[in-house]
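Just so we're clear, the structure is a prediction, and the values are computed from it rather than from any experiment.
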Amino acid sequence: MSDISSFNGLGSSGASELFQILRDGRPRTRTELAEQMGLARSTITLRIEALMELGLVGFVDDAVSTGGRPSSRIALKAGSKVVLGVDIGASHLHVAVTDLTGHRLHEASRAIEVTQGPDVVLQAVVELGTELLEQSGRAVKDLLAIGIGVPGPVEHRTGRPINPPIMPGWNGFDVPGHLQAHFHVPVLVDNDVNIMALGERNVAWPAVDNLIFVKVATGIGSGIVSSGMLQRGADGVAGDIGHIRVHNGGGVPCHCGNKDCLEAVASGPAVASKLRALGLEATTSEDVVRLVGAGTTEAVHAVRQAGRDVGEVLSACVSLINPSVIVIGGSMALTGEHFIAGIREVVYSRTIPLATQHLQIVQSSSGLDAGVLGASMLAIHHAMSPQRIDAMVLGLSDSMAG
């Protein structure tokens, strides 16, 4: 075993910096790492040993090796530690245990109404999370962090929901503190659309640095990735496009108190309301999807118009943010090309060609899994950040010194 006490002075330029290089999973030799970091092999070895003590990196077997000695190549041990990803929806709970690359090891879902309140819903998170860790053969000590998405505004600094309209009883509730009491790891909380943006980017667009993810379901919101970073804004409400006024809304009242908000005009329930007025049986987004799938003309026309309304708002977003990809998710995206065609129609006609010449407007590829995947990535980014790795190394040093 190495002399862990010698790691005390590493700081953010030491083991954590080395770990950030190895995060991509590509095996490297000590020599390659020394050259890349401009350090002596002995220094690299010391830092590798620190990360190996934590179980974060290890030797990789050489495919051409026939001997019994381990390869000198070092890589991330993605399965050595795990995180929990939690997607809390209006009427569902989806929890997954993933490795450090976001690969899902075990997952489970449960039907539960968010209106039952934080104590009931978070107890279900504790139960499912504990069960999944056991199924994965992991102990709580293997858990590094928990990421959670909730269907409402969140004060990112504290992880507390702030006046969430469909989450009675959750306002100001200490979600991180409640779960930390059970799992004793950092808990990161964000609104569901930001979480989905992270998940979609990781799954389908890892090389894209400027992306907007739009969720259209019971509500409408967007998650914005700009220059590779999720944008939350000054108070965590960046991307709240659901309450931007639509020009031809027709005076429809919104639950926020205003009229003609995009959410009141183009969300799943809003389209369903229009279809009921035409004598069709429709209450939810799923009903709208069903009617469109059956080829009901009125539903197809209503969905196309909803897409145009969303496109009106997104055309302004394109001019402001200049994304290269707009991903459409949520239950309304399941209506397929009818909805997305309406969005494209308006965005491409109302935005200058320079902003749209390379713009792609596509349906989400991660579908209903975007939330839990993004929650996992939120946890992973925190757990593998330089600050957390430094804290783990220094904690290991202190424990060995003691």
Side-chain angles (χ1 to χ4, degrees), residues 84-96 107-132 146-156 158-183 187-199 213-223 236-237 239-240 242-243 254-256 261 263-264 267-270 272 283-287 329-334 367-376 378-379:
L84 279 180
V86 181
D87 174 28
I88 298 175
S91 58
H92 76 270
L93 173 63
H94 188 182
V95 182
E107 59 188 309
S109 297
R110 180 179 296 182
I112 190 169
E113 299 293 329
V114 75
T115 54
Q116 293 185 51
D119 289 320
V120 173
V121 174
L122 295 180
Q123 180 57 34
V125 172
V126 171
E127 293 171 2
L128 282 182
T130 302
E131 292 172 7
L132 291 171
I146 300 172
I148 303 179
V150 299
V154 173
E155 183 181 52
H156 182 66
T158 65
R160 297 172 182 256
I162 302 299
N163 297 318
I166 67 168
M167 300 172 65
W170 289 78
N171 182 40
F173 190 86
D174 186 8
V175 176
H178 188 93
L179 292 178
Q180 282 169 353
H182 292 274
F183 293 106
V187 178
L188 297 306
V189 185
D190 209 334
N191 76 70
D192 57 353
V193 189
N194 281 346
I195 291 292
M196 290 177 175
L198 287 177
F213 183 94
V214 184
K215 177 189 176 185
V216 186
T218 302
I220 298 178
S222 70
V237 295
D240 187 12
H243 298 285
C254 181
H255 62 76
C256 74
C261 292
E263 191 170 292
S267 66
T283 304
T284 65
S285 301
E286 290 72 24
D287 294 330
S331 53
M332 283 292 287
L334 301 179
L368 300 180
D369 290 335
V372 75
L373 292 171
S376 299
L378 184 67

Listed once per pair and sorted, the salt bridge (charged side-chain N to carboxylate O under 4.0 Å, His left out) pairs that draw on residues 162-174, sequence neighbours left out: Arg160-Asp174

Which pairs, with at least one residue in residues 164-173 and sequence neighbours excluded, count as a salt bridge (charged side-chain N to carboxylate O under 4.0 Å, His left out)? none

Would you compute the distance between atom [atom1] of [X] and atom [atom2] of [Y] and round it to the nearest 0.5 angstrom?
X	Y	atom1	atom2	result
Asp192	Met196	CG	CE	5.0 Å
Leu378	Leu188	CG	CG	4.5 Å
Ile112	Gln123	CD1	CD	9.5 Å
Glu127	Leu122	CD	CG	11.0 Å
Ser91	Arg110	OG	CZ	14.5 Å
Asp369	Ser376	CG	OG	10.5 Å

Please check this pair: side chain of [X] against backbone of [Y], looking for a donor-acceptor N/O pair closer than 3.5 Å.
X	Y	value
Asp87	Gly371	no
Asp287	Thr284	yes
Ser222	Gly239	yes
Trp170	Val114	yes
Glu263	Ile220	yes

What closest approach, in Å, do [X] and [Y] show between heavy atoms, and which atom pair accounts for it?
X	Y	result
Pro153	Pro164	CD-CA, 3.8 Å
Ala375	Gly149	CB-N, 4.4 Å
Gly268	Ser285	CA-OG, 3.1 Å
Val372	His94	CG1-CE1, 3.5 Å
Ile148	Ile195	O-CD1, 4.0 Å
Ala108	Leu128	CB-CD2, 4.1 Å

So Phe173 and His178, would you call those rings parallel, tilted or perpendicular, with 30° and 60° as cut-offs? tilted

Heavy atoms of other groups near Leu368 CG, more than 12 under 6.0 Å: no

With heavy-atom distances below 4.5 Å as the criterion, would you say the side chains of Leu84 and Phe183 are in contact? yes

